[in-house]
*Asks:* 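Here it is, the structure, as structure tokens.
Note that the coordinates shown come from a computational prediction; the quantities given were computed from them, not determined experimentally.
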Amino acid sequence: MAVHSGVERVLAGLDPEQRTAVTAPAGPVCVLAGAGTGKTRAVTSRIAHRALTGEIVGRHVLAVTFTARAAAEMRQRLTVLGVPGVQARTFHAAALRQVRYFAPRLLEGRAMPELLDSKVRLVTLAAARAGLRTDRAAARDLAGEIEWAKSSLVEPAEYVVAAAKALRETPHEPAKVAEVFAAYEKIKRGNGVIDFEDLLRAAVWGIEEHADVAEQVRAQYRHFVVDEYQDVNPLQQRLLDAWLGGRDDLTVVGDASQTIYSFTGATSAYLVDFPRRHRDAVVVRLVRDYRSTPQVVGLANAVIAQARGTEARLRLELVGQRPTGPEPELRIFTDEPAEAAAVAARCRALVAAGTPAREIAVLFRTNAQSEAYEKALTEAEVPYQVQGAERFFERAEVRQAMVALRAATRSIPGQTPLPAAVVEALAAVGWAPDAPPPGGAARERWEALAALVALAEEYASTPELLPVGTAATVERPVTLAAFADELHRRAGQQHAPTVDGVTLASLHAAKGLEWDAVFLVGLAEGTLPTVYARTAEQVEEERRLLYVGITRARQWLWLSYATARSPGGRARRPTRFLPRLERPGGTERSGGTERAGGPAGRRTERRRVQVVSCRICGATLLAGPDRKLGRCPTCPSDIDQELYARLHDWRQRVAGAQKVPAYVVFTDATLTALAERRPGRPEELIAIAGIGPRKLGLYGEAVLALVGGSPVDEICPEKTFKNSP
């Protein structure tokens with residue numbers, strides 16, 4: 001009776017798709033689980049249901065996750081469901097447990113080698129043997145490349161060919177990386193230590209090469225569950241296959257649309273190919289989203305609907321289950337400081353209205369973007385915490401740069417413009433304003449120092465008045481010494497410890513987390529997608545990053561970008577990934593500029609922003625002339641010059657007959673749009689910005705006739721504006 005009640009309790013409240021996953025028969029099961037669809041509940045309920053019905057024994061289950069936090073949550077849920085004793089571990093924790101247990105047998109009495117916490121020290125030594133001088137960032141990039149190779153089952157001698165096939169952006173010439181890789185392996189063996197990839201390989205070797213070990217492991221673990229299966233790499237799959245030993249009692253859970261770690265060697269190929277590898281697999285799709293409002297879910301669906309490539313084959317269209325909520329907000333700013341200030345002001349307002357600070361997140365593409373938000377939140381007196389990275393002024397390269405800037409105040413002439421002086425000073429720490437180096441860590445270091453240059457440009461362009469004494473004010477000095485003092489002041493302000501604060505995180509660090517309110521900032525071309533995304537596959541992964549960011553929001557979502565990095569900077573476009581949606585956008589007009597969501601206390605207008613995609617490259621268009629043309633200004637024009645000439649002639653005749661300037665009829669931009677887009681029906685004509693119902697009635701028939709090839713002489717002005725008042 002108790003068992004029956006336990007089973008009923010496990011099944012209670014499951015939706016139909018979750019119940020199908022939970023009650024699927026023994027064998028291969030693939031659960032395609034969208035964001036917020038209750039995948040953890042589904043897989044833990046499946047384990048509990050099978051155990052409580054007597055189909056399996058809990059201690060024979062191995063559930064593999066990618067984080068210790070997820071493993072702990074799984075164990076806790078299973079205990080609550082009445083099934084303790086299930087092994088829920090990360091791949092590395094499971095491998096470490098097995099290798100330690102079998103070490104006396106596998107190593108013939110020798111002690112198990114020490115496990116390296118980090119490769120960086122040995123990689124630095126290996127790079128020196130290969131004739132490379134490396135700083136910590138460069139060593140981290142080389143270590144990351146070695147980890148990719150080992151996770152992809154690539155040996156040093158195979159690296160050059162494998163890197164070329166994978167289109168890797170290597171931190172050094174591939175042959176040199178291979179040389180460092182080989183030297184690292186030799187140094188590691190000489191020191192009697194192993195790394196995390198060796199640990200997985202040792203577990204594989206123990207099972208594949210020792211029948212007694214394989215028999216014991218497979219007797220212990222008979223049923224397997226793998227969470228986040230889209231993030232498995234070839235080495236982890238090899239270990240999973242070794243554990244299975246040809247058996248098929250395997251449940252995998254994943255979402256191809258959340259594949260964002262391909263650069264580490266992770267691949268969604270195993271998830272995509274699961275039904276092919278297991279012909280009798282049960283495939284269940286979880287699409288009911290219990291996390292986010294229908295408005296957030298709708299935007300997520302619209303973004304991922306544009307996806308192309310392998311992962312798009314398993315794309316899920318989520319169905320929001322929560323009550324309706326506010327529409328996602330799209331905001332456009334003149335520059336990044338204005339964007340950060342508006343975000344901080346809104347965070348403060350949310351906290352004041354009762355949203356806990358810990359339930360608010362500001363998400364960005366790169367860690368170097370955090371500084372502006374650290375500063376803005378500090379000035380707005382909003383507590384914050386940085387997730388998955390150091391605070392900007394705590395980073396080693398930033399501290400080193402601040403020392404260099406202070407030292408340069410004694411050697412750089414005072415009349416040198418501040419931005420140029422900062423660039424010159426940063427040369428002492430190896431920074432140059434040309435293209436950033438390859439490699440993630442080295443590039444992140446470069447971008448952090450580039451952020452200091454951007455701060456100098458902002459500082460020099462906005463000389464605020466600062467108080468002196470009690471009454472007088474003077475203009476802030478724009479000198480290197482004053483800028484160094486300003487950085488020291490900011491660092492001091494941002495070092496205050498925080499416990500319950502707004503979360504600042506990169507999109508990668510936000511994976512697996514969720515908040516009531518989410519700000520997605522910096523959604524500009526060149527940032528998202530990053531300029532380093534050059535292949536179609538890399539661009540699609542950037543799209544999935546935005547999708548992951550959107551699906552972190554439960555209730556309230558803000559999307560924003562700045563038209564320039566700094567005041568007066570070069571114009572840029574919003575990300576191409578925003579779909580064709582209408583979003584409310586508060587605008588503030590001052591001095592001929594336009595800013596969305598201005599500082600508190602200023603008059604704010606509301607307007608509807610129609611976000612239109614470029615018909616050539618797919619980028620999102622917000623500027624009026626670009627929306628009218630339906631393409632980016634940098635995309636190639638496909639204008640029909642002969643049609644444009646006839647339209648121009650016709651406009652001159654109509655304007656003359658009406659005795660109005662030619663632009664009153666149609667602007668040059670509208671003529672260009674007509675000659676490029678060549679509308680064939682009234683609905684296509686009115687879709688062009690600047691042609692409303694009135695002009696459609698006045699000129700629609702004539703314009704469509706001209707597009708259709710009619711000579712101007714056949715279209716008389718009297719007919720053209722027959723409905724004119």
*Asks:* I'd like to know if Asp227 and Lys39 make a salt bridge, using a cut-off of under 4.0 Å between side-chain N and carboxylate O.
*Replies:*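 Here Asp227 pairs with Lys39 in a salt bridge, since their nearest N and O are under 4.0 Å apart.
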
*Asks:* Determine, step by step, whether Asn233 and Thr264 satisfy the side chain to side chain contact (heavy atoms under 4.5 Å, CB included) criterion, reporting the C-alpha distance in whole Å, the side-chain angles of both residues, the deciding distance to 0.1 Å, and the verdict.
*Replies:* CA-CA 8 Å; Asn233 64 43; Thr264 67; over 6 Å; no

*Asks:* Taking only Lys NZ, Arg NE, NH1 and NH2, and the carboxylate oxygens of Asp or Glu, determine whether Glu145 and Arg140 approach each other closer than 4.0 Å.
*Replies:*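 Not counted as a salt bridge, because no side-chain N and carboxylate O are separated by less than 4.0 Å.
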
*Asks:* Determine, step by step, whether Phe364 and His508 satisfy the ring pair (Phe, Tyr, Trp, His ring centres under 6.0 Å) criterion, reporting the C-alpha distance in whole Å, the side-chain angles of both residues, the deciding distance to 0.1 Å, and the verdict.
*Replies:* CA-CA 9 Å; Phe364 33 74; His508 282 102; over 10 Å; no

*Asks:* Within a reach of under 6.0 Å around OH of Tyr101, are more than 12 heavy atoms found that belong to other residues, nucleotides or ligands?
*Replies:*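 No - once you tally the heavy atoms of other residues, nucleotides and ligands closer than 6.0 Å, there are 12 at most.
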
*Asks:* Taking the side chain from Thr90 and the backbone from Ala93, do they hold a donor-acceptor pair closer than 3.5 Å?
*Replies:*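 Side chain of Thr90 to backbone of Ala93, a donor-acceptor pair under 3.5 Å: yes, one is there.
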
*Asks:* Can a side-chain donor-acceptor contact be found between Arg291 and Thr551 if the only test is distance below 3.5 angstrom?
*Replies:*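 Checked: Thr551/Arg291 side chains show no N/O donor-acceptor pair below 3.5 Å.
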
*Asks:* Inspect the contact between Glu537 and Arg308 and indicate whether a charged nitrogen and a carboxylate oxygen are less than 4.0 angstrom apart.
*Replies:*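 Salt bridge: no.
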
*Asks:* Determine the minimum heavy-atom distance between Leu153 and Glu158, stating which atoms define it.
*Replies:*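 Shortest heavy-atom contact: O-OE1, 3.9 Å.
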
*Asks:* Under a 4.0 Å N-O cut-off, is there an ion pair linking Arg554 with Glu359?
*Replies:*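 The answer is yes: the pair qualifies as a salt bridge.
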
*Asks:* For Phe274, is there any backbone N or O sitting under 3.5 Å from a side-chain donor or acceptor partner on Arg277?
*Replies:*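 Here the side-chain-to-backbone pair does not exist.
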
*Asks:* Does atom CD of Glu114 have more than 12 heavy-atom neighbours, drawn from other residues, nucleotides or ligands, at distances under 6.0 Å?
*Replies:*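 No, CD of Glu114 has 12 or fewer neighbouring heavy atoms, counting only those of other groups under 6.0 Å.
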
*Asks:* So Arg276 and Arg279, do their side chains get closer than 4.5 Å, heavy atoms only?
*Replies:*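 Arg279 vs Arg276: side chains touch.
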
*Asks:* Among side-chain atoms of Gln385 and Gln387, is any donor-acceptor pair under 3.5 angstrom?
*Replies:*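 Their side chains do not contain a donor-acceptor pair, so the 3.5 Å distance test is not met.
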
*Asks:* Could you tell me if the side chain of Val61 sits less than 4.5 Å from the side chain of Ile56, heavy atoms only?
*Replies:*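 Ile56 reaches Val61 side chain to side chain.
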
*Asks:* Please check if any side-chain donor atom of Gln216 sits under 3.5 Å from a side-chain acceptor atom of Arg105, or the reverse.
*Replies:*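 Arg105 and Gln216 do have a side-chain donor-acceptor pair below 3.5 Å.
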
*Asks:* Any salt bridge linking Glu311 with Arg315? Criterion: basic side-chain nitrogen under 4.0 Å from a carboxylate oxygen.
*Replies:*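 Arg315 and Glu311: not salt-bridged.
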
*Asks:* Looking only at side-chain N and O atoms, does Thr20 offer a donor or acceptor that is under 3.5 Å from a partner on Glu17?
*Replies:*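 Note: Glu17 and Thr20 side chains miss the donor-acceptor criterion.
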
*Asks:* Test your reading of the model: is there a side-chain donor-acceptor pair from Arg552 to the backbone of Leu513, 3.5 Å cut-off?
*Replies:*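 Yes: the side chain of Arg552 pairs with the backbone of Leu513.
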
*Asks:* Taking the side chain as every heavy atom from C-beta outward, state whether Arg544 and Gln258 have any atom pair closer than 4.5 Å.
*Replies:*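 No, side chains not in contact.
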
*Asks:* How close do Leu318 and Gly34 get, counting heavy atoms only, and between which atoms?
*Replies:*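 In this case the closest contact between Leu318 and Gly34 is CD2-CA, 3.8 Å.
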
*Asks:* For residues Leu167 and Gln538, report the shortest heavy-atom separation together with the two atoms involved.
*Replies:*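 Result for this residue pair: O-NE2, 4.4 Å.
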
*Asks:* Minimum heavy-atom separation for Ile304 to Ser257, with atom names?
*Replies:*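 Looks like CG1-OG, 3.5 Å.
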
*Asks:* With a 3.5 Å distance limit and no angle check, can you tell me whether Gln321 reaches the backbone of Val319 through a side-chain donor-acceptor pair?
*Replies:*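 Pair found, side chain donor or acceptor close to backbone of Val319.
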
*Asks:* Does any part of the side chain of Leu62, heavy atoms only, come nearer than 4.5 Å to the side chain of Trp243, both counted from C-beta?
*Replies:*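 Result yes, sub-4.5 Å side-chain heavy-atom pair found.
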
*Asks:* Given side chains that start at C-beta, do those of Leu507 and Val548 come closer than 4.5 Å, heavy atoms only?
*Replies:*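 Answer no - side chains too far apart.
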
*Asks:* Just wondering, do Glu541 and Pro529 contact through their side chains at under 4.5 Å, heavy atoms?
*Replies:*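 SC-SC contact between Pro529 and Glu541 ruled out.
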
*Asks:* Could you check whether any side-chain heavy atom of Leu271 comes within less than 4.5 Å of a side-chain heavy atom of Thr259, counting everything from C-beta outward?
*Replies:*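 The answer is no; the side chains never approach within 4.5 Å.
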
*Asks:* Quick one: closest heavy-atom pair of Ala203 and Ala95, and the distance?
*Replies:*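 Here Ala203 and Ala95 meet closest at CB-CB, 3.9 Å.
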
*Asks:* Please walk me through it: do Gln237 and Asp241 pass side-chain hydrogen bond (donor to acceptor under 3.5 Å, both in side chains)?
*Replies:* CA-CA 6 Å; Gln237 182 64 42; Asp241 289 339; 3.0 Å; yes

*Asks:* Testing the 3.5 Å rule here: is there a donor-acceptor pair between the side chains of Asp195 and Tyr184?
*Replies:*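 Yes, because at least one side-chain N or O of Asp195 sits under 3.5 Å from a partner of the opposite role on Tyr184.
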
*Asks:* Please tell me if the side chains of Tyr229 and Leu240 come closer than 4.5 Å, counting only heavy atoms from C-beta onward.
*Replies:*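 Yes, side chains in contact.
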
*Asks:* Ring centroid separation for Tyr547 and Phe577, is it under 6.0 angstrom?
*Replies:*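 Ring centres of Phe577 and Tyr547 not closer than 6.0 Å.
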
*Asks:* Which heavy-atom pair separates Ala130 from Glu179 by the least distance, and what is that distance?
*Replies:*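 Minimum heavy-atom contact is CA-OE2, 3.6 Å.
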
*Asks:* Would you find a donor on one side and an acceptor on the other, under 3.5 Å apart, between the side chain of Arg218 and the backbone of Ala242?
*Replies:*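 Side chain of Arg218 to backbone of Ala242: a pair is present.
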
*Asks:* Can Arg46 and Thr251 be said to form a side-chain hydrogen bond (donor to acceptor under 3.5 Å, both in side chains), step by step?
*Replies:* CA-CA 9 Å; Arg46 174 168 172 76; Thr251 299; 2.9 Å; yes

